[in-house]
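Right, one structure below, let's go through it.
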Amino acid sequence: MRRRRSPALDLLGLVVAAVVGFPVYWMVLTAFRPANEILSLPPHFWPGRPTLANFSRALHTETFWANVRSSVLIGVGTVLVSLVVGTLAAFALARFRFLGRRAFVVVILVVQTVPLTALIIPVYLLLNDVGMTDSIAGVILTYLVFTLPFTVWMLRGFIAGVPVELEEAAMVDGCSRLGAFRRVVLPLLAPGIVATSVFALVQAWNEYVLVYVLLSTPTKQTVSIWLVSFQTGFGTDYGGLMAGATLTALPVVVFFLVVQRRIASGLAAGAVKG
């Protein structure tokens with residue numbers, strides 16, 4: 001029997017969506033406003049004279065493109081390495097029985113509960129000992145500490161939902177264990193891989209504290225650090241800041257829109273079995 005939709009629940013959903021979406025709307029709105037309208041009272045909820053001057057100023061800052069390059073390298077590197085290592089680790093946890101398996105799963109869960117601020121100093125000292133401070137590779141390795149546990153946990157549940165008989169049939173037909181994984185399991189992991197890659201990309205793209213501590217060269221820093229350049233001793237350039245924040249959010253939004261159909265199925269399928 002089909003359940004009737006409640007108007008009250010629909011209204012509540014619209015209110016929640018409005019509350020959540022309003023800061024984003026105000027950010028984009030401010031990005032298109034001329035300077036004399038940004039701090040006007042009472043505030044206007046639509047730009048009287050939209051302008052692209054704020055975006056032009058943001059795009060022509062000295063380190064913008066270098067910071068974009070660093071963000072792309074860190075984001076893509078984090079996603080690729082976490083997916084490769086996480087997929088293999090998740091496959092081992094889902095398919096093999098070995099000593100310490102349960103303890104390893106518990107460690108994965110515990111790592112996700114450790115606050116980031118508690119690890120900043122130990123991570124910096126460790127990277128400094130091996131000469132990897134102010135290094136993009138060092139930042140990627142550090143981000144793996146926070147993205148790998150979720151990747152392994154997510155993909156482990158997804159792989160557990162794939163019938164092991166499919167791999168056995170492939171091996172009977174002549175595939176090795178690795179060949180069966182590559183030809184049978186990996187194609188079925190697409191939704192889970194997409195869901196975990198979105199999480200890893202968002203974490204790497206938006207993270208601020210670790211990049212601020214680990215990267216000192218201005219051209220190596222990411223766009224999240226670049227946004228601070230709009231706040232100077234003379235005040236805050238709100239138009240440029242909001243234009244920069246809009247430009248910073250665009251890559252993640254575009255990636256999310258491209259893969260959104262697979263995200264929900266990946267999250268649901270990964271939660272079927274553990």
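Just so you know, residue 1 is the first one in the sequence shown, and it goes up from there.
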Audit row: V228, Y212, side-chain contact (heavy atoms from CB on, under 4.5 Å) steps and yes/no: CA-CA 11 Å; V228 182; Y212 184 78; over 6 Å; no

I225/L215 under side-chain contact (heavy atoms from CB on, under 4.5 Å): CA gap, chis, key distance, verdict: CA-CA 10 Å; I225 305 298; L215 297 179; over 6 Å; no

Residue pair T246, F32: steps toward the side-chain contact (heavy atoms from CB on, under 4.5 Å) verdict: CA-CA 10 Å; T246 302; F32 284 99; 5.8 Å; no

Worked verdict on L188 versus L166 for side-chain contact (heavy atoms from CB on, under 4.5 Å): CA-CA 11 Å; L188 298 176; L166 295 177; 4.1 Å; yes

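Atoms CD and OG1, on E62 and T219 in that order, are 9.5 Å from each other to the nearest 0.5 Å. Interatomic distance, T217 OG1 to D134 CG, rounded to the nearest 0.5 Å: 3.5 Å. In this structure, S229 OG and F64 CZ are separated by 10.5 Å, a value rounded to the nearest 0.5 Å. Between the CG atom of L29 and the CZ atom of F22 there is a distance of 8.0 Å, given to the nearest 0.5 Å. Note that CD1 of I159 is 11.0 Å distant from CE of M154, once rounded to the nearest 0.5 Å. Atom CE of M242 is separated from atom CZ of F55 by 11.0 Å, given to the nearest 0.5 angstrom.
In the hydrophobic cluster analysis, where Ile, Leu, Val, Met, Phe, Trp and Tyr join through side-chain heavy atoms closer than 4.5 angstrom, Y25 is grouped apart from L14. With hydrophobic clusters built from ILVMFWY side chains whose heavy atoms lie under 4.5 angstrom apart, L186 does not share a cluster with V164. Note on L126 and I121: separate hydrophobic clusters, where clusters join Ile, Leu, Val, Met, Phe, Trp and Tyr whose side-chain heavy atoms are under 4.5 Å apart, directly or indirectly. Taking hydrophobic clusters as Ile, Leu, Val, Met, Phe, Trp and Tyr residues chained together by side-chain heavy-atom distances below 4.5 Å, L189 shares a cluster with F96. Hydrophobic clustering keeps V152 apart from V110 (ILVMFWY residues linked when any side-chain heavy atoms are closer than 4.5 Å, directly or through intermediates).
Under the 4.5 Å side-chain criterion, counting only non-hydrogen atoms from C-beta, L227 is not in contact with Y208. Taking the side chain as every heavy atom from C-beta outward, S224 and T248 never approach each other to under 4.5 Å. Between V85 and L148 the shortest side-chain heavy-atom distance falls below 4.5 Å. Between L59 and W65 there is a side-chain heavy-atom pair separated by less than 4.5 Å. Between N67 and T222, every side-chain heavy-atom pair lies at or beyond the 4.5 Å cut-off. Between V209 and E207, some side-chain heavy-atom pair lies under the 4.5 Å cut-off.
Between the T63 side chain and the A66 main chain, no donor and acceptor come within less than 3.5 Å of each other. A donor-acceptor pair is defined here as one N or O able to donate and one able to accept, closer than 3.5 Å; no such pair exists between the side chain of S135 and the backbone of G131. Judged purely by atom type and a 3.5 angstrom limit, T151 uses its side chain to pair as donor or acceptor with the backbone of T147. Formation of a donor-acceptor pair under 3.5 Å by the N54 side chain with backbone atoms of A31 is found in this model. Although no hydrogens or angles enter the test, the distance criterion places no donor-acceptor pair under 3.5 Å between the side chain of E165 and the main chain of E167. The closest donor-acceptor contact from the side chain of S56 to the backbone of A53 lies at 3.5 Å or more, if one exists at all.
Across every non-hydrogen atom of V79 and L201, the tightest pair is CG2-N, 3.7 Å. The minimum heavy-atom distance between G240 and A58, with the atom names listed, is O-CB, 4.2 Å. Listed here is the closest heavy atom pair of S176 and M171: O-CG, 3.9 Å. What you find for T87 and L155 is that their closest heavy atoms are OG1-CD1, 3.3 Å. Pairing each heavy atom of V20 with each of P23, the nearest pair is O-CD, 3.3 Å. Pairing each heavy atom of V184 with each of A170, the nearest pair is CG2-CB, 3.7 Å.
In this structure, F230 and W226 have perpendicular ring planes: the angle between them is above 60°, well past the 30° mark.
The neighbour count for Y124 OH, taken as heavy atoms of other residues, nucleotides or ligands under 6.0 Å away, does not exceed 12. The environment of CZ in R57 is crowded: more than 12 heavy-atom neighbours from other residues, nucleotides or ligands sit within 6.0 Å. Within 6.0 Å of CD in E168 there are more than 12 heavy atoms belonging to other residues, nucleotides or ligands. The number of heavy atoms from other shown groups lying within 6.0 Å of CZ (F199) is above 12.
A donor and an acceptor atom, one from each side chain of Y143 and Q203, are nowhere located under 3.5 Å apart. With hydrogens and angles left out, the side-chain atoms of W205 and S71 include no donor and acceptor closer than 3.5 Å.
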